[in-house]
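Here the structure is laid out as structure tokens; the discussion comes afterwards.
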Amino acid sequence: MANSFVISRNYGQNLAPGTVPVKLAANVVADMGNMIVLVAGYGAIPAAANALTGNMAGLVIQPADNTGGAAGDVTAVCVPDTAAFANDGTNPCTQADVGNIVFASSATTISRDSADGPPAGKLLAYNTSDIQGRPCLVALNCMV
């Protein structure tokens, strides 16, 4: 049942909703492979400040830099996916959190506390021996 939630494991099926263009808020830099959330219709970096208002847009596959620009001047492209992320230093995930909703405390880190950032998705696995330092395997929930 969990495989239906993991978009990247559909093995050739339709990757609905597919790639998503996201107009960036003013002064936002969307780097490749980072998470972006939608806040008031514009892409922003996940943070505690947008914990209640941010909705996951996905992982950036076409980066964009809106430094010095107005909201909507630049568009990044995101994709819903399953990816491994670093653990938050303040409220880190543990093996006990597998199967729970986790939260994006930054563009690259995952927390177990809802005050740290907007919902990222479901923690599918926790691997403390990940050689890249990204123990949290998360299926991003971009369907909101």
When every non-hydrogen atom of G54 is compared with those of P119, the smallest separation belongs to O-CD, 4.1 Å

Of all heavy-atom pairs linking V98 and L124, the shortest is CG1-O, 3.4 Å

Pairwise distance CG(D31) to CG(D65) - rounded to 0.5 angstrom: 8.0 Å

Please check if the side chain of D130 supplies one atom and the backbone of G133 the other of a donor-acceptor pair under 3.5 Å. yes

Interatomic distance, N91 atom CG to T109 atom OG1 [nearest 0.5 angstrom]: 10.5 Å

Looking only at heavy atoms, which two atoms of G68 and N27 are closest? And how far apart? N-OD1, 2.6 Å

Which pair of non-hydrogen atoms, one from T75 and one from K23, has the smallest distance, and what is that distance? OG1-CG, 3.7 Å

Just wondering, do C136 and Y126 contact through their side chains at under 4.5 Å, heavy atoms? yes

Distance in Å, L59 CG paired with C78 SG, rounded so as to fall on 0.5 Å steps: 7.5 Å

Looking at R112 and C93, would you say the former's side chain and the latter's main chain have a donor-acceptor pair under 3.5 Å? no

Can you name the nearest heavy-atom pair linking P46 to I36, along with the distance? CD-CA, 4.5 Å

So, using side-chain hydrogen bond (donor to acceptor under 3.5 Å, both in side chains) as the criterion, who are the partners of D97 when residues are at least two apart? T94

Do V138 and V102 pass the side chain to side chain contact (heavy atoms under 4.5 Å, CB included) test, and can you show the C-alpha distance, the side-chain angles, and the key distance before you say yes or no? CA-CA 8 Å; V138 179; V102 291; 3.9 Å; yes

Walk me through whether T19 and I61 qualify under side chain to side chain contact (heavy atoms under 4.5 Å, CB included). CA-CA 9 Å; T19 59; I61 59 169; 3.7 Å; yes

Can any side-chain N or O of N50 pair as donor or acceptor with the backbone N or O of I45 at less than 3.5 Å? yes

For residues V20 and V77, determine if any side-chain heavy atom of one lies less than 4.5 Å from a side-chain heavy atom of the other. no

Treat each ILVMFWY residue as a node, draw an edge where side-chain heavy atoms are under 4.5 Å apart, and state whether V29 and M56 are in one component. no

Hphob cluster co-occupancy, V37 + Y42, side-chain heavy atoms under 4.5 angstrom: no

Taking all non-hydrogen atoms of both residues, which atom of A30 and which atom of A76 are closest, and how far apart? CB-CB, 3.9 Å

Roughly how far apart are L140 CG and D81 CG, rounded to 0.5 Å? 7.0 Å

Would you say D73 and N66 are linked by a side-chain donor-acceptor pair, where the criterion is simply a distance under 3.5 Å? no

Interatomic distance, CD@Q132 vs CG@N127, rounded to 0.5 Å, equals 11.0 Å

Worked verdict on I110 versus M35 for side chain to side chain contact (heavy atoms under 4.5 Å, CB included): CA-CA 10 Å; I110 296 296; M35 292 180 281; 3.8 Å; yes

Interatomic distance, CG@D116 vs OG@S111, rounded to 0.5 Å, equals 3.5 Å

